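Working notes for the structure below.
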Amino acid sequence: MTSVLMVLSGAHYWTLSDRTQHPTGFWAEEFLVPYEMFKDQGYDVSLATPGAAPPTVDELSLGIAGGLPKKTRRYRAKLSELEPVLAKPLDLHLVDILEYDLVFFPGGSWSHGGSCDR
């Protein structure tokens, strides 16, 4: 079976230059779409974060910035279903990446102006 290590941020906020904290986290679509694609192909998917910190979803990705309400409701439901997986990531510092066939870092931007809705 193909094994995938998905690496997510463990950050819950950014500290800005004025020392205020700005909430952050992983973008729901950038995690969920590839995660579901890997699982649909029968891949064994493991999640890892620095220090095994449970990752936080960026709430902006579940609002209008993340798409229409139908889509973001679907993402919220899937994240709720995956809560046990997200709650116990591996510690990235202790992972032997040679044990995986693929290491995947969700994230980035879409230059074509669309979304990756399936």
Side-chain angles (χ1 to χ4, degrees):
M1 175 185 299
T2 301
S3 61
V4 178
L5 178 67
M6 290 186 79
V7 180
L8 295 172
S9 170
H12 305 291
Y13 60 85
W14 290 97
T15 301
L16 304 177
S17 61
D18 66 0
R19 299 282 183 229
T20 60
Q21 295 180 344
H22 178 74
T24 192
F26 66 89
W27 200 257
E29 182 176 30
E30 293 174 347
F31 163 67
L32 287 170
V33 171
Y35 181 88
E36 290 177 336
M37 291 173 79
F38 292 141
K39 294 300 273 185
D40 288 349
Q41 291 299 312
Y43 294 0
D44 180 33
V45 181
S46 298
L47 301 181
T49 64
T56 300
V57 65
D58 186 328
E59 285 297 321
L60 289 176
S61 71
L62 297 172
I64 194 66
L68 296 175
K70 180 179 176 183
K71 180 167 124 178
T72 56
R73 279 193 303 270
R74 187 176 77 236
Y75 289 161
R76 278 189 190 279
K78 188 64 178 177
L79 288 168
S80 180
E81 179 184 317
L82 291 174
E83 181 56 36
V85 174
L86 290 164
K88 297 187 185 256
L90 301 172
D91 186 339
L92 182 59
H93 300 107
L94 303 176
V95 170
D96 180 358
I97 63 168
L98 298 177
E99 293 180 7
Y100 295 89
D101 299 303
L102 171 68
V103 177
F104 185 83
F105 293 83
S109 62
W110 295 96
S111 60
H112 60 46
S115 74
C116 58
D117 242 353
R118 298 189 304 149

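In this text the structure is predicted, and so the values were computed from the model without any measurement.
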Could you walk me through whether T20 and Y13 pass the side-chain contact (heavy atoms from CB on, under 4.5 Å) test, one step at a time?
CA-CA 10 Å; T20 60; Y13 60 85; over 6 Å; no
Does the side-chain contact (heavy atoms from CB on, under 4.5 Å) test come out yes or no for L86 and V57, once each step is laid out?
CA-CA 10 Å; L86 290 164; V57 65; over 6 Å; no
Take Q21 and H12 through the side-chain contact (heavy atoms from CB on, under 4.5 Å) test and state the conclusion after the steps.
CA-CA 9 Å; Q21 295 180 344; H12 305 291; over 6 Å; no
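Among residues at least two apart or in separate chains, salt bridge (charged side-chain N to carboxylate O under 4.0 Å, His left out) pairs with a member in residues 41-65 are E59-R76. Pairs of residues two or more places apart, or lying in two chains, never qualify as salt bridge (charged side-chain N to carboxylate O under 4.0 Å, His left out) while including a residue from residues 10-19.
Under a 4.5 Å side-chain heavy-atom criterion applied to ILVMFWY residues, the cluster that includes Y100 comprises L5, V7, L90, L92, V95, I97, V103, F105 as well. Grouping Ile, Leu, Val, Met, Phe, Trp and Tyr by side-chain contacts under 4.5 Å, direct or through others, puts L60 with W27.
In this structure, M1 and Y43 approach most closely via the heavy-atom pair SD-C, 4.1 Å. The two residues P55 and S9 make their nearest non-hydrogen contact at CB-O, 3.5 Å. Considering every non-hydrogen atom in both G51 and D91, the closest pair reads N-OD1, 3.2 Å. Nearest heavy-atom pair across P89 and A48 is CB-CA, 4.2 Å. The two residues S61 and A28 make their nearest non-hydrogen contact at OG-N, 3.0 Å.
P34 places a side-chain heavy atom less than 4.5 Å from the side chain of F104. Looking at heavy atoms from C-beta onward, S3 lies out of side-chain contact with E99 at the 4.5 angstrom threshold.
Qualifying side chain to side chain donor-acceptor pair (under 3.5 Å) partners for E81, counting only residues two or more places apart in sequence or in other chains: K78. For F26, the ring pair (Phe, Tyr, Trp, His ring centres under 6.0 Å) partners are F31, not counting sequence neighbours.
Side-chain atoms of T49 never come within 3.5 Å of backbone atoms of G10 as a donor-acceptor pair (strictly under, hydrogens ignored).
Note that the NZ atom of K71 and the CZ atom of R74 stand 7.5 Å from one another [nearest 0.5 Å]. To the nearest 0.5 Å, atoms CD (E30) and CG (L8) are separated by 10.5 Å.
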